[in-house]
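Working notes, beginning with the structure itself.
Reckoned from all heavy atoms, side chains included, excluding hydrogens, waters and symmetry mates.
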Amino acid sequence: MPDRRYRERVNALSTWALGLGPTARPAPEDLDVLAALGPIADSVRSQVLWANEDAVEAQWGSGLREILTTGAAPLPPQVQVEPSHDAGPNTPQAVSEEFDPRPQQARLQRLREWASAESERTEVAALPPELLQIVAFQNINSADDVLARCAGLTIPMDIRLARELAAVVSERPAPEQLPEKPKPVAGSEWSESPGVFAGVDWSTFGEGQARPLTPLLTHAVEGGISLDWQDPADLGRVRIFRVVASADTWPALDPSQAEPVGVTLSTSVAAPLVATSAVTFIGVWCHAGQDEVAARMAAPVFVAQGQVVWPPSRLTLQVTPRKTVAATFNVPPGATIQVQRFGAGSKPRFNQAAALDPSVLVGNGFVDPHPPVGEVSYAVYASVRLGDGSLEWSEPVMGTVTVRVRPTSLPLTVSPNGVSPGTYDISWETPEHGAVEVFLSPSAPPAGLSEESRTREIVRSQGLTPDRLLPYPTLSLGDTTVIQGVAIPDEWARAYFVATHVMAEDAVGVGPTVGLVLPRPPRNPELIERVDTQIITFAWPAADAQSKDADVIVEVHQGPRQSQELDVGRSQPIVSMTHEQYVLMGGIHLTRTLPPNGCSLHLFGVIYERGRPRRSHGVALDYPGITRVAYDIVAVRQDGQRSVNADDLAGYAVTVLSNEVLDAAHFVVVHHPQRLPLSPNDPGARELLSELRPLIANVTQTLGHLTPGTHMGFVRLFYSPPDRRDCARIAVIDPDPANLWRGVC
């Protein structure tokens, strides 16, 4: 516990110093040390404080010597002193209660911080520093107390300033208080004055002072570093720590040979250190004793050591127009720099895997040529190798930028695959940033979709949905990305490829559409032969309703029989059909009879693109052909002309007309009294005429004549060759059934 007369000595020294004038008085820090020392012997005083007492007395008078010799001083009115019963004539009187200086020190620290923050005010700058000590260490808590004390010391003081002083020491908000200014990094844990410590002959300093060191924890804070170490409570009741620093090595031999940082009673402080080299070595020495005087007179003990590797400072980041990240920073002298990069969603922490190549470092900064898109964080570390060979890293200096790249409209190149016919290769120039998605659709996206950046939601609403995304793997070939062997569904008549450049959910660029016209041939064609017509049935080329466009048609071309290939460039379609006609009629009804000697029919799916037909490969039908023979039973006169009435009827002529030459055609005419006979051998039928003769194509010829009679019935012509298989190629066409009801013999 400090001396009981400590407060009285502070008051006495402050009052004494005020009488000297502003130019002659000692500094307030010196008064703190003198008050802490108390009454000391002449021999000690001359060694510790000054060597020439005459010079001191000539400057300051004998008042200081009296205070330091006896400790006696006039006490202020607020302090009541009880006489000591065992005190001698030269023993200073003691206060009746034990004095704890810590609250008064805190009051003084607040006053000094207030005075420093308000130093621009003329009335505050004119206040003597000793007045702050008097206000702090005496029982002054109101503006009236301040005014009374200043009046006794003949110090000018107005009521407004007195209220502010009283508010500061009592921690109450002051009227008309100005805004609080930032406090310095070094707080009240540091002593305002280092004070005086006993000298030590380091050449004879014993080994007994050595003890195991505790680690000194360092952490960078605004304006300096924080220091923490273990309290060596076993060294003494009062422990005063001297913190020193060195740029070369740990200051473990002599604290006076290192750069002083400060003196403190705390084991956790913030030091306003600045970087002068890559690393600063810090040592903590402890003066310990039963009281403060004994501690200051004791030899120090080295209790903790550590170092701080200074991080780079003043980091600035900027995204260049070329979407690189350029950075500048101050490099601690002699340090090695490492830059680590973390993308969006990654928590920045020391990670060697995130380190950029050292080639990005350029002077006092770096250039990241390929940063990821989005929010990017950078951690810049400094490292230095210590004397013991260990590598120490600084804390990082952090910075974050957002790299925004506009999505581009990527054109695609679509070409047939040379290995797998019917498939296609898709390629595009690989963008530097973002991802590329390629879609395949049977219908084209709306026009204008690629004019500006879109959100993913809008892109999907326009038909580029996930089910249209190509699931094929990509292959990187230098600056080009390729998808090989893309197959298009067989039922599609059109296919559209489009690429999207995805930078973010709200930044998607849609590329130009590449369309393919893929006409498909009709499926499952068949030819239905009827007596009076021929019908081609088939399945429409596209099964997908979206592909049944109005401009998709089916063409039929005719070629030589048993020909599987047809040169459509030299051929004209004999008939064509739209999808609307197909739905209505179900197939193609040939209005022109196919050749009786047979032919090949080639069916194509056709789509017109820019006025030019694009045809699918053809599907061939082999038509063996059929000979059509039309006959008639004509009433004729004697001269062979048609009979007009029964009076001039001479007989019935059987005429035939063939569409093909027949070398030897055997025909039979039969009569049935009840119905049309079904064959030459139909029961109830009788043969009227049998002829074997050649027929000329497209020439009407008379096979023979029938004699009129009273046997009424149906007369019918049949083709009846010896080999019945030949009947399949001959079609006999009946006339009007009314012409077949005749009366014959």
| Is atom CG of Asp567 surrounded by more than 12 heavy atoms (other residues, nucleotides or ligands) closer than 6.0 Å? | yes

| said: Donor-acceptor pair, distance only, cut-off 3.5 Å: does the side chain of Ser226 make one with the backbone of His219? | reply: yes

| request: Before accepting this row, confirm whether a basic side-chain N of the pair Arg468/Glu437 lies closer than 4.0 Å to the acidic partner's carboxylate O. | output: no

| note | Closest non-hydrogen contact found for Leu621 with Leu527 is CD1-N, 4.3 Å

| field | Working for side-chain contact (heavy atoms from CB on, under 4.5 Å), residues Val325 and Val403 | value | CA-CA 8 Å; Val325 175; Val403 180; 3.9 Å; yes

| task | Please check if any side-chain donor atom of Thr474 sits under 3.5 Å from a side-chain acceptor atom of Thr481, or the reverse. | result | no

| query | Do the non-hydrogen side-chain atoms of Phe329 and Ile337 ever get within less than 4.5 Å of each other? | reply | yes

| query | Parallel, tilted or perpendicular: which fits the ring planes of Tyr378 and Phe366, with parallel below 30° and perpendicular above 60°? | reply | tilted

| Aromatic contact, Phe667 with Phe718 (centres under 6.0 Å) | no

| note | The reported gap from CG in Leu440 to CG in Leu470 (rounded to nearest 0.5 angstrom) is 5.5 Å

| field | Check ion pair Glu555-Arg615 (N to O, under 4.0 angstrom) | value | yes

| message | Can you tell me how far apart CG (Leu590) and CD (Gln558) are? Round to the nearest 0.5 Å. | response | 9.0 Å

| What distance do Arg561 atom CZ and Asn597 atom CG have between them, rounded to the nearest 0.5 Å? | 8.5 Å

| request: Run the numbers on His557 and Ser571 for side chain to side chain donor-acceptor pair (under 3.5 Å), then give the verdict. | output: CA-CA 7 Å; His557 292 248; Ser571 172; 2.8 Å; yes

| message | Check whether Thr655 reaches the backbone of Thr700 with its side chain - one donor and one acceptor, N or O, closer than 3.5 Å. | response | no

| Does any donor atom in the side chain of Ser427 or Thr480 lie under 3.5 Å from an acceptor atom in the other side chain? | no

| task | Using modelled atom types only, decide if a donor and an acceptor are shared between the side chain of His579 and the backbone of Trp540 within a distance under 3.5 Å. | result | no

| Is the side chain of His501 donor-acceptor paired with the backbone N or O of Thr408 at a distance under 3.5 Å, no angle test? | yes

| field | No-hydrogen, no-angle side-chain donor-acceptor test under 3.5 Å, Tyr623 and Gln534 | value | yes

| Heavy atoms, side chains only, cut-off 4.5 Å: are Ile488 and Leu516 in contact? | yes

| Is the backbone of Glu660 close enough, under 3.5 Å, to the side chain of Ser658 for a donor and an acceptor to pair up by distance? | yes

| field | Nearest heavy atoms of Leu449 and Pro445, plus distance in Å | value | CD2-CB, 4.2 Å

| task | Verify the neighbour count for atom CD of Glu565: are there more than 12 heavy atoms of other residues, nucleotides or ligands below 6.0 Å? | result | no

| query | Which distance, rounded to the nearest 0.5 Å, do you find between the CD1 of Ile574 and the CG of Leu594? | reply | 6.0 Å

| task | Any chance you could measure Ile225, atom CD1, to Leu217, atom CG, to the nearest 0.5 Å? | result | 11.5 Å

| message | Is it the case that the side chain of Arg385 and the backbone of Gly389 share a donor-acceptor pair, with hydrogens and angles ignored and the cut-off at 3.5 Å? | response | yes

| From Arg454 atom CZ to Glu451 atom CD, the distance as rounded to the nearest 0.5 Å | 7.0 Å

| request: Would you indicate whether the side-chain heavy atoms of Leu412 and Val438 approach each other to under 4.5 Å? | output: yes

| Which class fits the ring pair Trp393 and Tyr381: parallel under 30°, tilted 30 to 60°, perpendicular over 60°? | perpendicular

| task | For the pair Thr316 (side chain) and Ala327 (backbone), establish whether a donor and an acceptor sit closer than 3.5 Å, ignoring hydrogens and angles. | result | no

| request: Could you walk me through whether Val308 and Val279 pass the side-chain contact (heavy atoms from CB on, under 4.5 Å) test, one step at a time? | output: CA-CA 6 Å; Val308 55; Val279 59; over 6 Å; no

| Any luck finding a side-chain donor-acceptor pair between Thr591 and His589 under 3.5 Å? | no

| task | Keeping the roles fixed (side chain from Gln462, backbone from Val459), state whether a donor-acceptor pair exists under 3.5 Å. | result | no

| message | Can a donor-acceptor pair be found, under 3.5 Å and without considering hydrogens, that links the side chain of Asp736 to the backbone of Asn739? | response | no

| said: Tell me the closest heavy-atom pair linking Ser409 and Val510, and the distance in Å. | reply: OG-O, 3.2 Å

| So, Gln352 versus Gln340: side-chain donor-acceptor pair below 3.5 Å or not? | no

| Side chain Asn659, main chain Arg628, donor-acceptor under 3.5 Å | yes

